[in-house]
Number of protein chains: 2
Amino acid sequence: MRAKAAKKNVTVIDVANAAGVSKSTVSLVLQGSDKVNPATRDKVQAAMAELGYVYNREAASLRGKRSNLVAIVINDLTNPYSAQLAVGLEANIRRMGLFSMLVNSGEDKNTQTELVQSLKEYNVAAFVICPAPGTDANWVNELAGSVPVIHIMREVAGAIVPTVLPDNQGGTLAATRHLIAQGYRRIGFFGGNQSISDYGERLKGFHMALAEASLEAAGIWETAETNRHGGRLAMAALLNDAALLHPNHVPEALVCFTDIVAYGAIEQLRQHGLVPGRDMAIVGFDDLEDSSLMTPALSSIAIDADAVGASVCAVLDAIRKGKELPTLGRLEVALKARGSSPAKQAV
Amino acid sequence: MRAKAAKKNVTVIDVANAAGVSKSTVSLVLQGSDKVNPATRDKVQAAMAELGYVYNREAASLRGKRSNLVAIVINDLTNPYSAQLAVGLEANIRRMGLFSMLVNSGEDKNTQTELVQSLKEYNVAAFVICPAPGTDANWVNELAGSVPVIHIMREVAGAIVPTVLPDNQGGTLAATRHLIAQGYRRIGFFGGNQSISDYGERLKGFHMALAEASLEAAGIWETAETNRHGGRLAMAALLNDAALLHPNHVPEALVCFTDIVAYGAIEQLRQHGLVPGRDMAIVGFDDLEDSSLMTPALSSIAIDADAVGASVCAVLDAIRKGKELPTLGRLEVALKARGSSPAKQAV
DNA sequence: ATGTTGTTTTGGAACGTTCCAATTTGTGTT
DNA sequence: AACACAAATTGGAACGTTCCAAAACAACAT
């Protein structure tokens with residue numbers, strides 16, 4: 001696409017002429033060097049303002065072989081949690097003086113590959129990727145050979161890149177323990193499926209807590225899609241199953257794979273005249289903003305979104321300064337107990 | 001941020017040497033010129049693959065004064081409709097051979113200004129902006145003087161830039177007519193507020209339809225925030241108001257400002273043991289994906305998201321080719337009548 | 001004056017591409 | 001064989017910045 005025809009760009013040389021210094025000096029001012037005389041600095045800055053100078057980052061990046069452009073490749077922007085995560089990341093990255101651009105892979109491996117290929121042409125400084133299902137470890141490792149890569153939220157087996165992960169297992173462990181402490185005994189695991197990397201971890205936490213209390217799982221209902229509609233369908237299946245069971249075997253509490261899945265489940269419950277919290281205790285995972293506002297408020301496992309951003313930034317900073325990378329522990333999660341998982345009423 | 005130290009970049013010159021041609025020829029191949037001999041083209045492409053050449057778009061953009069990078073500045077990515085819109089736009093723009101990057105203003109005018117300033121440094125070819133509330137027309141016009149700007153979804157009074165807008169008034173007109181046709185007489189307008197540019201248009205369509213049928217509005221409930229929680233609060237207010245009214249004056253149908261607001265309203269209704277569709281007919285606006293899947297499915301006004309993308313792309317194409325800009329009519333909207341607005345049952 | 005040190009400033013080369021005008025190569029006609 | 005004309009290829013300059021090594025300037029002690 002052509003630039004506006006007539007208007008010639010104001011360059012560092014124009015500024016230099018206007019300020020009566022050399023272009024090198026202007027460049028130093030631009031970089032905030034401390035070895036330029038404050039008086040000249042002011043003069044130069046005045047000239048820049050006067051001429052309406054716009055820094056040309058492409059030229060700088062070309063010459064300097066450095067870039068402060070970070071690409072965030074997110075898995076699915078239409079998923080509220082991902083959107084929230086992306087927005088948080090963006091803010092964090094911007095705050096550390098880098099600029100971030102966002103692209104959406106839509107959970108599609110091929111789109112992801114194409115996007116990354118294009119972004120490489122823009123000389124991005126680093127990739128922050130929430131990898132699409134089926135991402136190839138070799139591909140990741142090769143990419144990481146030419147530009148820093150950070151994975152978030154999901155693990156790609158065999159990929160040797162810094163990865164920021166929440167404590168999935170600890171989360172469902174806490175959620176399940178909470179339900180047990182509230183007096184529930186017939187607890188099911190609800191939503192998600194094997195194709196998602198963190199499914200196994202969350203399921204494991206669930207089973208651990210049950211084992212501690214010598215309980216059996218009341219059932220496991222997978223969802224084809226990890227979204228609201230998936231939750232609706234799975235709850236329909238659950239209610240269908242339950243109708244065939246002795247009342248003493250119907251699940252009375254659910255640990256949900258995500259809040260979104262829980263939302264769908266709740267809609268379906270209500271559809272059948274059942275009330276979450278009263279007829280079925282529910283705990284979600286992600287602690288979306290809406291979860292604390294709905295009625296009853298949804299109990300959930302909160303992942304500190306700022307901590308994700310902070311970890312990513314710590315890694316970026318280490319890369320930038322050429323320091324050793326910080327070791328990344330699992331991000332802490334916190335149980336938010338709310339109205340959807342009240343203490344069980346004596347019958 | 002430093003590029004990987006050791007690895008020297010493969011350049012167009014390296015490719016030229018490997019293929020035994022000049023760099024100019026390689027450049028022509030890169031641009032897909034038809035005046036290069038197919039045989040040499042293949043030779044060059046083989047060399048590129050061999051060496052793992054990566055195109056350097058910054059250098060190209062610097063020299064050529066052209067860019068195929070389009071910036072999408074979206075108002076609020078955590079809003080599902082905006083997210084959906086952004087994703088659709090991204091896909092459309094990519095399909096026409098441009099590359100788009102997404103940034104989020106979070107409905108904040110100042111953030112928007114900062115983002116645009118930074119993006120200018122990256123020599124973007126065009127801005128597609130869903131303007132934050134309070135965006136200054138002078139600022140827009142000045143920006144548009146140096147780089148093409150397209151506004152979407154919202155109008156900034158006084159800004160003279162191509163603007164892609166849905167037929168807001170026609171949408172609520174259709175929604176309200178539909179409710180009237182279904183037999184409802186006490187119809188209210190629900191959600192949104194004056195600070196949003198399209199509020200007035202949507203409200204006007206509502207009033208027009210009522211006037212056609214010689215009806216009075218059953219009430220107007222604004223929301224401070226145009227999100228789910230806003231919907232919840234407004235419905236609580238409505239139910240509170242209704243409790244004081246004679247049953248013959250309680251609204252029996254609502255035209256909602258957005259689907260999201262309708263979702264909140266429905267949650268609150270259910271909370272009171274009321275059922276949408278049965279106790280209160282509801283029509284939304286935006287036709288989010290979930291709306292057709294929930295129970296009862298939410299009647300809504302669909303804005304053709306692809307049409308937004310198509311219009312934006314038409315403008316981009318005209319700009320790129322230096323042609324006259326296409327005139328932009330209002331985007332068509334379509335009523336999706338579903339279970340939340342059934343024919344009124346005889347009492 | 002002269003030297004010594006430290007602080008500011010500077011011209012030219014370089015980054016990897018595209019553009020332009022000019023050159024080389026190829027094809028067909030006389 | 002010489003010419004005209006089209007097709008294909010090419011070297012050098014340019015885009016706007018940063019880097020580098022060197023130069024200019026200032027401050028102070030001798």
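Hydrogens, waters and symmetry mates are skipped; everything else that's a heavy atom, side chains included, is used. Sequence lines set the chain letters: A, B, ... in the order given, protein chains first and strands last, and positions in each chain run from 1.
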Query raised in the report: Counting only heavy atoms not in A/Leu325, do more than 12 sit closer than 6.0 Å to its CG atom?
Result: yes
Query raised in the report: Just wondering, are more than 12 heavy atoms of other shown residues or ligands nearer than 6.0 Å to CD in B/Glu50?
Result: no
Query - Those residues of residues 13-25 of chain A lying under 4.0 Å from DNA chain D by at least one heavy atom - result: A/Lys23, A/Ser24
Requested in this report: Name every residue in residues 29-48 of chain B that has at least one heavy atom under 4.0 Å from any atom of DNA chain D, in order of residue number, or write none if there are no such residues.
Outcome: B/Lys35, B/Val36, B/Asn37, B/Thr40
Can you tell me how far [atom2] of [N] sits from [atom1] of [X], to the nearest Å?
{"X": "A/Leu28", "N": "C/dT7", "atom1": "CG", "atom2": "C1'", "result": "13 Å"}
{"X": "A/Lys120", "N": "C/dG16", "atom1": "NZ", "atom2": "C1'", "result": "17 Å"}
{"X": "A/Asn123", "N": "D/dT17", "atom1": "CG", "atom2": "P", "result": "17 Å"}
{"X": "B/Leu62", "N": "C/dC15", "atom1": "CG", "atom2": "P", "result": "14 Å"}
{"X": "B/Arg63", "N": "D/dG16", "atom1": "CZ", "atom2": "C1'", "result": "12 Å"}
{"X": "B/Arg57", "N": "C/dG16", "atom1": "CZ", "atom2": "C1'", "result": "14 Å"}
{"X": "B/Asn9", "N": "C/dT17", "atom1": "CG", "atom2": "C1'", "result": "12 Å"}
{"X": "B/Asn56", "N": "D/dG16", "atom1": "CG", "atom2": "C1'", "result": "14 Å"}

Query raised in the report: Charged N to carboxylate O under 4.0 angstrom, A/Arg154 versus A/Glu107?
Result: yes
**Report entry** Ring centers of A/Tyr122, B/Tyr122 separated by less than 6.0 Å
**Finding:** no
Report task. Verify side-chain hydrogen bond (donor to acceptor under 3.5 Å, both in side chains) between B/Thr113 and B/Gln117, making sure each step is shown before the conclusion. Result -> CA-CA 6 Å; B/Thr113 307; B/Gln117 181 57 35; over 6 Å; no
Would you kindly say whether [X] and [Y] are connected by a side-chain donor-acceptor distance under 3.5 Å?
{"X": "A/Glu114", "Y": "A/Ser118", "answer": "no"}
{"X": "B/Asn123", "Y": "B/Ser61", "answer": "yes"}
{"X": "B/Ser82", "Y": "B/Asn75", "answer": "yes"}

Requested in this report: May I ask you to evaluate whether B/Arg66 reaches the phosphate of C/dT17, defined as a side-chain N or O under 4.0 Å from OP1 or OP2?
Outcome: no
Report task. Looking at every strand, decide which applies to B/Thr11 at a 4.0 Å heavy-atom threshold: base, sugar-phosphate, or nothing. Result -> sugar-phosphate
